[in-house]
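Input: a single structure, listed below in structure tokens.
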Amino acid sequence: MIKKILFLLFFISGFCALLYQTVWLRLAFADFGVNTQVISVVVSVFMLGLVLGSFVGGRYSIQLAKKHKITSLYFYAFAEAGVGLGAFLVPKLFSLGHNWLLSFGETNSTLYLALSALVLSLAMLPWCFLMGTTIPLIMDYINRHLAKDKNGFSFLYLANTFGAMAGTLITALIFIESLGLKNTLFFAACLNFLIATMAIFLARKLKKNESETIENEEKNLWRLKDLNSKDKFILGLLFTTGFSSVGFEVIWNRLFTPILETSVYAFAFILF
């Protein structure tokens, strides 16, 4: 039963994450121009937030749980609720940044592109960071309560990916057209708040003493300096894979836009 609830939570979480990325791209086009640079910045900031959030969430979730003597599900609920707040704040930050940039003159200048990238980064990064913390926080919970489950990460990643696929297509083809950008973001925020509520309910229902488990796990924290040359080589391969994959995403978007006639649909289909 717990696994089914977690699968549902991460399906919805993935759905919301890619809904945000799709809508934020559309808003970025409206405020900063329809060009490859905007797509590159949106995708890069989204991934940067996931990276930073994943690192911080994985590195410090055990210490936080130990310090406050509570399950990591509470931190997960906080992260999801924070993402929901981003649904209301990001459009306002885009609008403020757009008005600020108008004072710099030509919108096709190098300075304008650089400053628009800065605005997009500051507006999106905090919420993408919170998205990135979700998997390590839930994995921390699974490692304590479902210790015999050796496929926990794959299970969560599967749910998250299926949700992301659904969020991408449904947002681009249905929600934006029928609900509009503002209502689509409001719907996603409600889903994030629902996830947070469900996580808190699950945490209260399954509350137990975790102090001993935390003490044992703290000794196994991941440290880059402890990795051998083989481990670092594998990390290098994974870095190269990620670099190539997202690079293809940006390039394919530019190639398929003339065929699909709109950058939004090209972006959504390639992302799917």
Side-chain angles (χ1 to χ4, degrees), residues 1-21 46 49-66 68-87 127-171 187-214 216-218 220-222 272:
M1 183 61 182
I2 297 177
K3 289 189 65 175
K4 291 180 179 179
I5 295 176
L6 293 178
F7 188 94
L8 177 62
L9 292 181
F10 258 74
F11 179 88
I12 300 174
S13 180
F15 183 95
C16 292
L18 271 296
L19 181 155
Y20 288 130
Q21 187 177 18
F46 193 85
L50 297 183
V51 168
L52 295 176
S54 180
F55 175 79
V56 173
R59 186 69 181 82
Y60 297 107
S61 60
I62 295 175
Q63 292 95 320
L64 285 172
K66 177 184 177 182
H68 298 281
K69 297 181 180 180
I70 58 175
T71 174
S72 55
L73 274 179
Y74 286 110
F75 296 110
Y76 171 73
F78 171 81
E80 289 289 355
V83 173
L85 292 176
W127 325 110
C128 297
F129 173 87
L130 291 175
M131 293 179 196
T133 64
T134 56
I135 285 185
L137 287 173
I138 288 293
M139 280 305 303
D140 181 49
Y141 173 81
I142 288 178
N143 288 337
R144 299 209 189 106
H145 294 280
L146 302 173
K148 295 182 179 180
D149 188 352
K150 303 300 183 183
N151 300 313
F153 178 79
S154 299
F155 177 78
L156 290 180
Y157 197 75
L158 175 69
N160 208 239
T161 303
F162 275 141
M165 292 167 62
T168 301
L169 279 192
I170 293 175
T171 299
F187 174 74
C190 291
L191 289 179
N192 284 124
F193 297 144
L194 175 63
I195 295 173
T197 303
M198 292 175 65
I200 292 174
F201 173 78
L202 186 62
R204 289 179 178 273
K205 185 177 180 180
L206 301 174
K207 186 177 181 181
K208 62 188 293 189
N209 188 353
E210 296 178 320
S211 58
E212 182 178 349
T213 308
I214 295 172
N216 293 333
E217 287 183 356
E218 197 171 27
N220 298 319
L221 288 175
W222 183 88
F272 171 80

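Heavy-atom basis, side chains included; hydrogens, waters and symmetry copies ignored.
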Exercise. Report the relative orientation of the aromatic rings in F155 and F7; use parallel for angles under 30°, tilted for 30 to 60°, perpendicular for over 60°.
Key: tilted

Report the distance from atom [atom1] of [X] to atom [atom2] of [Y], rounding to the nearest 0.5 Å.
X	Y	atom1	atom2	result
M139	S72	CE	OG	10.5 Å
I170	L18	CD1	CG	11.5 Å
F187	C16	CZ	SG	7.5 Å
F11	L9	CZ	CG	12.0 Å

Close side-chain approach of [X] and [Y], heavy atoms under 4.5 Å:
X	Y	result
I138	L73	yes
L156	I142	yes
Y20	N192	yes
M198	L8	yes
Y74	I200	yes
L6	K3	no
T134	F10	yes
I70	F75	yes

Practice problem: Decide side-chain contact (heavy atoms from CB on, under 4.5 Å) for Y76 and I195; before the verdict, give the C-alpha distance in whole Å, the side-chain angles of both, and the deciding distance to 0.1 Å. | Solution: CA-CA 9 Å; Y76 171 73; I195 295 173; 3.4 Å; yes

Quiz item: For G167, does its backbone N or O pair with a side-chain atom of T171 as donor and acceptor, under 3.5 Å?
Solution: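 Here the side-chain-to-backbone pair exists.
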
Exercise. Measure from the side-chain N and O atoms of T133 to the backbone N and O of L130, and report whether any donor-acceptor pair falls under 3.5 Å.
Key: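 Yes.
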
Self-check item: Test side-chain contact (heavy atoms from CB on, under 4.5 Å) applied to T168 and M165, step by step
Solution: CA-CA 5 Å; T168 301; M165 292 167 62; 5.9 Å; no

Quiz item: Would you say F162 has more than 12 foreign heavy atoms packed within less than 6.0 Å of its CZ?
Solution: no

Please report the shortest heavy-atom distance between [X] and [Y], naming the atom on each side.
X	Y	answer
W127	G86	CD2-CA, 3.6 Å
A17	M131	CB-SD, 3.8 Å
G57	P136	C-CB, 3.7 Å

